[in-house]
Amino acid sequence: MNCIFNYSLQALEDKLLSLNLKKYNAKQIFEWIYKKKIFDFKQMTNLAKNTREVLDKNFIFNLLTIVKVSSDKKKEAIKFLFKLYDGNYIETVVMQFNYGYSICISTQVGCNMGCKFCASGVNKKIRNLEPSEIVLQYLCAWQYLNKTKKINISNIVVMGIGEPFENYNNLIIALKTFINPFGLQIGQRHITVSTCGLVPKILHFAKDMPQVNLAISLHAANNNLRSSLMPINKVYNLNVLIETCKKYVKMTNRRLTFEYILLKNINDSQKDALALVKLLKPLLCYVNLIPYNETNLCNYSRSDKINNFFNILNKNRLLATIRLERGTKIDAACGQLRIKECQKKKF
Ligand code: SF4
């Protein structure tokens, strides 16, 4: 049976018509699920009894199982380890900021991109997440957190396990549900998708989701260093990537974000900062400097020059921020919790 969370509103309308139900039922169902968070057709009281019976026979609500929830002392970061219907694990983190709550979601089980500093890349990709599994990270985390305190998760970052653009079609279906007025109705500019640089998909994304923010994981400003940190650079090098980013900005008129994790003695020198300025200055963009979350799964250390690096960018008028840290004490670097669980279960 089909999991109801896999459907965009339009796809659900088409499916209902094929079942001889009314197209407008789709909006009613969406409101029950995404606004009222009711996951049972029997409780959808504005649907006719026979409609509910047909729905019950054709759709299931396949929720994620919460295996573990950990949080730091201040509860500024709450990390969920979810088990999927086939026994695989994924991670999701909810973070509290002064503007409200933000959720970091995964798009794949494991990742094939092999970035050397990333715990998620240690285990290869097992499979793509279905649209439902992307959307359900939000719904299940929301449901769990709202048992104790009424909160609203207003921002989404697609920066968890996996390369979102490697699971492009399912990502777009999930994004449609996130932004739909009858769905979760999250403002498009409150959603950020991060890619390590799958160049062809950057232009597709500019066409499909021009109002959703795009972030590029950069982490180095020269090809040799970037290729040694991120194998994707051997396929789409910096020259190709930056040219594509220029096209993206031209198509969308949106400011891009470049993420730059500062690794001690690897990419944190004055020379690196000046190379970054030279590379990005011509672009409508800003740089998000990220303190490294150390893990014993990767051989890198946190840089102690982050303020220095920031000041060089600032002095050279390259817009930059330093990412606020959340969850360093709870294995919040993406993939760490899942790997521990897989090691326990000898995956
Ligand atoms: S940083 Fe992102 S793209 Fe790179 S290995 Fe980790 S999850 Fe994959």
Side-chain angles (χ1 to χ4, degrees), residues 79-82 84 88-93 103-129 133-134 137 156-168 170-171 174 191-202 205 213-220 223 225-238 241 244-245 256-263 266-267 287-303 323 325 327-328 331-342 347:
K79 185 157 192 165
F80 295 86
L81 180 69
F82 290 119
L84 308 176
N88 280 307
Y89 295 93
I90 51 164
E91 294 176 14
T92 306
V93 186
I103 187 166
C104 177
I105 58 180
S106 299
T107 49
Q108 297 181 311
V109 181
C111 183
N112 275 348
M113 295 295 119
C115 303
K116 298 286 186 282
F117 47 83
C118 171
S120 296
V122 171
N123 283 355
K124 292 279 170 231
K125 181 183 98 175
I126 295 172
R127 68 171 174 86
N128 283 331
L129 294 188
E133 293 165 327
I134 300 174
Q137 291 170 65
I156 297 176
V157 289
V158 187
M159 294 182 187
I161 300 170
E163 162 52 51
F165 284 176
E166 247 221 334
N167 186 14
Y168 189 80
N170 290 352
L171 170 75
I191 304 176
T192 302
V193 174
S194 170
T195 177
C196 67
L198 294 191
V199 158
K201 291 291 189 300
I202 291 175
F205 197 68
N213 303 312
L214 182 62
I216 311 281
S217 302
L218 195 68
H219 314 312
N223 276 317
L225 180 57
R226 193 164 190 268
S227 294
S228 72
L229 293 172
M230 305 175 71
I232 188 70
N233 198 67
K234 294 177 192 156
V235 185
Y236 303 113
N237 68 26
L238 278 174
L241 178 62
T244 308
C245 288
L256 271 167
T257 303
F258 286 92
E259 293 159 335
Y260 195 101
I261 296 180
L262 278 151
L263 305 166
I266 301 287
N267 64 355
V287 179
N288 195 3
L289 296 175
I290 307 174
Y292 185 56
N293 229 348
E294 290 178 6
T295 155
N296 55 11
L297 298 160
C298 307
N299 253 345
Y300 294 99
S301 316
R302 163 183 291 240
S303 169
R323 181 181 287 176
E325 289 195 84
T328 44
D331 293 335
C334 83
Q336 291 181 20
L337 204 60
R338 171 178 169 264
I339 284 169
K340 278 188 183 170
E341 197 60 28
C342 293
F347 266 72

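Both counts, for ligands and for their atoms, begin at 1 and track the order of listing.
Residue Gly162 approaches ligand 1 through these ligand atoms, each under 4.0 Å from one of its heavy atoms: 7 (S).
With hydrogens and angles disregarded, a donor-acceptor distance shorter than 3.5 Å links the side chain of Asn223 to the backbone of Leu238.
Atom 8 (Fe) of ligand 1 has an N, O or S atom of Cys111 inside 2.8 Å of it. Contact annotation: Cys115 places an N, O or S atom under 2.8 Å from atom 4 (Fe) of ligand 1.
Contact check on Arg127 versus Glu133 returns a salt bridge, with a Lys/Arg side-chain nitrogen under 4.0 Å from an Asp/Glu carboxylate oxygen.
By the 30° and 60° cut-offs, the orientation of the rings of Phe80 relative to Phe82 is parallel. Under the 30°/60° scheme for interplanar angles, the aromatic rings of Phe205 and Phe165 are found to be tilted.
The closest heavy-atom contact to atom 6 (Fe) of ligand 1, among the options Pro231, Gly110, Cys118, comes from Cys118.
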